[in-house]
There are 2 protein chains.
Amino acid sequence: MLDSETKAVETPEDHAEELRLWLRLLTCTTLIEGEVRGRLRQRFDVTLPRFDLMAQLDKAPDGMTLSDVSKRMMVSNGNVTGLVERLVESGHLDRRTSDTDRRVQVIRLTKLGRAEFRRMAAEHETWIADLFADLSPKDVRELMRLLAKTKASAQKSAARRRP
Amino acid sequence: MLDSETKAVETPEDHAEELRLWLRLLTCTTLIEGEVRGRLRQRFDVTLPRFDLMAQLDKAPDGMTLSDVSKRMMVSNGNVTGLVERLVESGHLDRRTSDTDRRVQVIRLTKLGRAEFRRMAAEHETWIADLFADLSPKDVRELMRLLAKTKASAQKSAARRRP
DNA sequence: ATCAATTTCTTTAGGCTTCAAATAATTGGC
DNA sequence: GCCAATTATTTGAAGCCTAAAGAAATTGAT
C-alpha cells in the first residue's frame, strides 16, 4: 500500500487514456466540421462562421448584443465585430445601437437573412443526421450524457485556473 | 402501418436529437481547445497549431512529408506550408528535399524543437487529465467507444458524398 | 520514349481568429 | 456632481485557414 502510493508520487502519472480521448474527440469534431463547412460552401456559398452566427440569431427574435453572441459562440469580441460587419454588408443582418445604452449594438436577422438561414438550416439538419446515422438512439443518449459530463468537468477545470 | 409510413414520407423527419448532439460535441471541443490554446500561450508562448504540428513530428523520428502532415492534421496543404515556414524560421524544424523524389519535402524536429516539445507535452498531458478529471475510467472507455463509432459513421457519410 | 494524368508543394486572395490595446459609454461610491 | 472602475465594442497586428490555381516532378500507359 505504502509502496504503491510512493510509486504514484515518484513516477509521473499516466494520462495516456485521457490524451487519446481528447485526440479522438478532436478528430470527430474536425471531421464533421470540415464536412459541414464544405457542404455549406458547395450548396449555399456561405461560410460556417456566418451560418453559426445566423443560427444564434434565429433563436433570438428580439436580437442579441455582440457580447451575447461572442459568449454563445465562444469566440472573441473582435471576431464577432468582423463577422457582423460582413453580414450587415450582405444584407443578412440588421444592426442598431441600443436606445438605453449607447455602448451596445443589437443585431437581428433581416427578412432576407432569416429566409436564407431557414433554407440552409433545413438541409443542414439532414447532413448532421446523416453524419451520425450509424449511432443508435441509445448511443446518442449515452453520448449526450457523457459529453454533458465532459463539458462540466472541463468548465470546472477552466474555472480552477481562472477563477 | 401504411399510415405511419405515409406520415414518415410526408412530414420532414425530426433530427433534433442529432443536432443537439453535434452542438454539444462542438461545445466540448471548443471549450477544451480554447483552454489548451490559452495555457500554451501563457506558459510557453506557443500557438496550438504549432504544438499540434510538433506533436505529429515527435511521433515520427524519421520525419514526415508535408502531405503526410496535412492528412494527419486534417488541414489544407497551403496551411502546412505556412506553418512549417515559421517553425523552420524559429529553429524548431528541419526541412529537406527528398533524395528520391524532388517534389517531396521531408520535415523533422530539430534538437531544439524536440526538447521544447517534450517539455510542453509533459505539462500538456496534465492539463488534459485535469480537464477530463471528473470522468471515471469507465466513462472514458465508453466515450472512446462511442466516439470511434461516431468517427466511423461520419467517415462513411463523407465518403458517400465524395466517393 | 512520349506525354497525359497524377502527385507534391507553393502561391494567392479572401476570410477567420486571437490577443492586446484603444475608445466610448455607463455605473457606483463618495 | 465627480471620477474611478467596469462594460461594450472596435482596431491593429499577427497568425491561421481554406479553396483554387499554378509550378514542378513523377508515373504509367501506350
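Scope of the values below: all heavy atoms of this structure, side chains included, with no hydrogens, waters or symmetry mates. Order of the sequence lines sets the chain letters (A, B, ...), proteins ahead of strands, with each chain counted from 1.
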Chemist: Closer than 4.0 angstrom, basic N to acidic O: yes or no for A:Arg160 and B:Asp130?
Modeler: yes

Chemist: When all nucleic acid strands are considered with a 4.0 Å heavy-atom cut-off, which category describes A:Ser67: base, sugar-phosphate, or nothing?
Modeler: sugar-phosphate

Chemist: Could you list the residues that satisfy side-chain hydrogen bond (donor to acceptor under 3.5 Å, both in side chains) with B:Asp58, not counting sequence neighbours?
Modeler: B:Arg114, B:Arg118

Chemist: Considering only residues two or more places apart or on different chains, which pairs with a residue in residues 41-53 of chain A satisfy salt bridge (charged side-chain N to carboxylate O under 4.0 Å, His left out)?
Modeler: A:Arg43-A:Glu123

Chemist: For DNA chain D, find the residues of residues 96-105 of chain A with a heavy-atom distance under 4.0 Å and give them by number; none if there aren't any.
Modeler: A:Arg103, A:Val104, A:Gln105

Chemist: Based on the rotation axes of five pairs at each end, what angle does the helix from C:dA1-D:dT30 to C:dC30-D:dG1 bend through, to 10°?
Modeler: 20°

Chemist: Give me the atom names and distance for the closest heavy-atom approach of A:Ile128 to B:Glu18.
Modeler: CG2-O, 3.7 Å

Chemist: Please find the earliest and latest nucleotides of DNA chain C, in the 5' to 3' direction, that have an atom within less than 4.0 Å of any heavy atom of chain B.
Modeler: C:dT7 to C:dC19

Chemist: Excluding sequence neighbours, so at least two apart, what forms salt bridge (charged side-chain N to carboxylate O under 4.0 Å, His left out) with B:Arg72?
Modeler: none

Chemist: Can you list every pair that meets salt bridge (charged side-chain N to carboxylate O under 4.0 Å, His left out) and has a residue in residues 146-155 of chain A, with sequence neighbours left out?
Modeler: A:Lys149-B:Asp139

Chemist: Under 4.0 Å from a heavy atom of chain B: give me the 5'-most and 3'-most nucleotides of DNA chain D that qualify.
Modeler: D:dG15 to D:dT26

Chemist: Name all residues meeting the side-chain hydrogen bond (donor to acceptor under 3.5 Å, both in side chains) criterion together with A:Glu33; count only those two or more places apart in sequence or in a different chain, and write none if there are none.
Modeler: A:Arg37

Chemist: Check residues 93-100 of chain A and write down every donor-acceptor pair under 3.5 Å in which the side-chain atom is one partner and the other belongs to a residue at least two apart or another chain.
Modeler:
from	atom 1	to	atom 2	distance (Å)
A:Thr97	OG1	A:Gln105	NE2	3.2
A:Ser98	OG	A:Thr100	N	3.2
A:Ser98	OG	A:Thr100	OG1	3.2
A:Ser98	OG	A:Asp101	N	3.2

Chemist: Could you walk me through whether B:Thr27 and B:Trp22 pass side chain to side chain contact (heavy atoms under 4.5 Å, CB included), step by step?
Modeler: CA-CA 9 Å; B:Thr27 297; B:Trp22 164 232; over 6 Å; no

Chemist: Taking only distance into account, with no hydrogens and no angle test, what donor-acceptor pairs under 3.5 Å do side-chain atoms of residues 76-89 of chain B form with protein atoms, sequence neighbours excluded?
Modeler:
from	atom 1	to	atom 2	distance (Å)
B:Ser76	OG	B:Asn79	N	3.3
B:Asn77	OD1	B:Ser70	OG	2.9
B:Thr81	OG1	B:Asn77	O	3.3

Chemist: Using the rule that Ile, Leu, Val, Met, Phe, Trp and Tyr join whenever any side-chain heavy atoms are under 4.5 Å apart, tell me whether B:Val106 and B:Leu57 fall into a single cluster.
Modeler: no

Chemist: With clusters defined by side-chain heavy atoms of hydrophobic residues (ILVMFWY) lying less than 4.5 Å apart, directly or transitively, does A:Leu147 cluster with A:Leu31?
Modeler: no

Chemist: Let me spell it out: for each of A:Glu85 and B:Gly82, pick the nucleotide of DNA chain D with the closest heavy atom. Which residue's pick is nearer the 5' end?
Modeler: A:Glu85

Chemist: Would you name the heavy atoms of A:Ser157 and B:Arg39 that are closest together and state the gap between them?
Modeler: OG-NH2, 3.3 Å

Chemist: Just to be sure I understand the rule, does B:Ser76 reach a base, reach only the sugar-phosphate, or reach nothing, if contact means heavy atoms closer than 4.0 Å?
Modeler: base

Chemist: Where do A:Phe132 and B:Ser153 come nearest, in terms of heavy atoms and distance?
Modeler: C-OG, 3.5 Å

Chemist: Among residues 27-58 of chain A, which residues get a heavy atom nearer than 4.0 Å to DNA chain C?
Modeler: A:Thr47, A:Pro49, A:Arg50

Chemist: Hey, quick one: are A:Met144 and A:Leu131 part of the same hydrophobic cluster, counting side-chain heavy atoms closer than 4.5 Å, chains of contacts allowed?
Modeler: yes

